[in-house]
Amino acid sequence: MTNIIAKPTSKTPEISFDAETNTLRVSGKSYPEDLYAFWQPITDQVQSLLNANTAPFIFEFKLTYHNSGTTRVIINFIKDAERLLVEVDREIRIKWFFDPEDEQTEEQGADYSDLCSAVRFEMIEEEVS
Amino acid sequence: MENALSWKNIAPEHQLYSFSGYITNRVLDGIAAGIEDVLAARNETKKSYRKIFGIFVEMAQNIIFYAPDRVEIPNDEAGFGTISILNDEGFVRIHASNEVLPHQKEHLEKIFDQIGQQSPDEIGTLYKQRMLETFDDPNSRGGGLGYYDIARKSSRPIEYLFETLENGKVVFHVSAWI
């Protein structure tokens with residue numbers, strides 16, 4: 001069953017959690033006017049979901065644009081996941097989707113990939129509307 | 001009519017968009033999607049529109065969040081500045097200007113001294129370094145990635161200028177090209 005955590009707006013993404021596959025999905029654009037107000041509750045919820053069990057956890061990102069503030073949020077997701085994997089033996093994966101025409105999102109994915117060691121980061125080329 | 005703006009300077013061959021005034025989040029909401037759609041549809045910008053849009057939003061949000069000339073409004077915020085998307089010798093130029101306070105000028109000077117006239121490869125390395133600093137510092141919530149990201153995306157070295165006005169105020173101008 002998929003729960004919608006945040007509905008999409010023109011500047012914030014849709015965020016949902018699929019409990020069957022332990023997958024958090026983030027899609028759309030992210031440039032909220034108040035980064036903290038939008039993302040902190042999401043980050044808190046992700047922490048709870050990660051701590052709920054030790055089953056494999058997947059982050060799926062299909063972002064067509066995200067601002068530098070959101071970059072910091074994603075860096076912190078990776079940081080927190082890497083820290084958790086030092087203590088617990090489990091699998092955390094990030095699937096980074098990018099449109100083949102979207103060099104910007106592809107490049108950003110490569111940057112995030114470089115930050116991951118224990119977290120498995122996958123770049124997936126897919127047309128994103 | 002006296003002092004009409006010359007069409008040459010505001011026609012789409014020169015200027016795609018220009019906004020001057022108190023920019024709010026609702027203003028950005030109102031114009032961003034439309035601007036992206038137009039850039040995506042124009043032959044000249046349909047391959048590059050994502051980078052143009054990204055830089056445009058980053059610069060507009062800097063004005064909304066940080067420009068010191070502000071108006072208090074309910075449920076939103078307003079900072080005064082200008083932001084333009086221009087045709088410039090085969091490139092698209094995204095330009096922003098806003099007043100800055102002394103501590104903001106000092107902060108920007110540190111960033112732009114680092115960015116300087118570095119090559120695109122060097123900027124890419126600098127950006128990754130800044131990302132790693134954000135990643136490695138347990139207390140860091142980030143900061144200052146925006147201009148490094150703009151510099152990395154820009155097809156030419158980004159340019160900036162601090163202009164001191166007669167009244168002593170300082171205006172920060174910045175341009176990036178795609």
Side-chain angles (χ1 to χ4, degrees), chain A residues 8-12 28-40 43 62-84 86 94 98-119 121 127-129, chain B residues 23-34 36-37 40 46-62 64-65 75-78 120 124-125 127-153 155 178:
Chain A
T9 69
S10 58
K11 52 172 74 156
T12 56
K29 288 188 168 66
S30 178
Y31 59 102
E33 52 202 65
D34 188 336
L35 191 79
Y36 185 85
F38 179 77
W39 278 107
Q40 191 58 50
T43 305
K62 290 188 183 185
L63 290 168
T64 54
Y65 169 69
H66 63 287
N67 67 357
S68 60
T70 306
T71 297
R72 301 200 294 273
V73 170
I74 295 173
I75 288 174
N76 284 320
F77 274 136
I78 296 173
K79 204 191 284 198
D80 292 344
E82 289 283 337
R83 208 177 281 143
L84 188 66
V86 167
I94 297 177
F98 66 94
D99 188 292
E101 303 276 306
D102 189 354
E103 196 181 284
Q104 179 173 248
T105 302
E106 183 183 2
E107 202 171 34
Q108 283 163 326
D111 292 336
Y112 297 133
S113 179
D114 288 345
L115 296 177
C116 296
S117 52
V119 171
F121 195 98
E127 281 192 27
V128 178
S129 54
Chain B
I23 308 177
T24 70
N25 288 296
R26 271 177 291 179
V27 164
L28 184 60
D29 271 350
I31 63 177
E36 188 184 21
D37 286 346
K46 64 180 169 194
K47 287 196 186 300
S48 57
Y49 78 91
R50 291 176 183 89
K51 284 191 177 180
I52 299 168
F53 179 78
I55 291 172
F56 173 80
V57 168
E58 199 77 37
M59 287 187 182
Q61 286 194 313
N62 280 339
I64 295 168
F65 298 159
N75 304 315
D76 202 343
E77 52 189 327
T125 304
Y127 177 80
K128 284 196 177 171
Q129 201 182 320
R130 286 293 298 143
M131 272 188 88
L132 271 172
E133 284 165 15
T134 305
F135 187 75
D136 290 338
D137 180 353
N139 298 315
S140 171
R141 301 303 295 180
L145 276 174
Y147 283 115
Y148 294 93
D149 191 33
I150 291 172
R152 182 170 74 148
K153 287 183 173 95
S155 306
I178 300 293

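Bear in mind that the values here come from a model prediction, so they are computed numbers and not experimental data.
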Region of B/Leu28 that comes under 4.5 Å of a non-hydrogen atom in chain A: side chain
Euclidean distance, B/Phe53 CZ relative to A/Gln104 CD, rounded to 0.5 Å: 9.5 Å
4.5 Å side-chain heavy-atom contact, B/Tyr127 and A/Glu107: no
Taking every non-hydrogen atom, the tightest pair across A/Ser10 and B/Asp29: OG-OD1, 3.7 Å
Test: B/Lys51 and A/Glu103 ion pair at under 4.0 Å: yes
OH on A/Tyr65 to OH on B/Tyr49, rounded to 0.5 Å: 13.5 Å
4.5 Å side-chain heavy-atom contact, B/Arg152 and A/Gln108: yes
Any A/Lys11 side-chain heavy atom under 4.5 Å of B/Asn25 side chain: yes
Any donor-acceptor pair under 3.5 Å from B/Glu58 side chain to A/Ser68 backbone: yes
A/Arg72 side-chain N/O to B/Leu145 backbone N/O, donor-acceptor pair under 3.5 Å: no
Contacting moiety of A/Tyr31, where chain B heavy atoms sit under 4.5 Å: both
Contacting moiety of A/Asp34, where chain B heavy atoms sit under 4.5 Å: neither
Greatest number of heavy atom pairs closer than 4.5 Å to chain B - which of A/Thr105, A/Asn67, A/Asp114, A/Asp102: A/Asp102
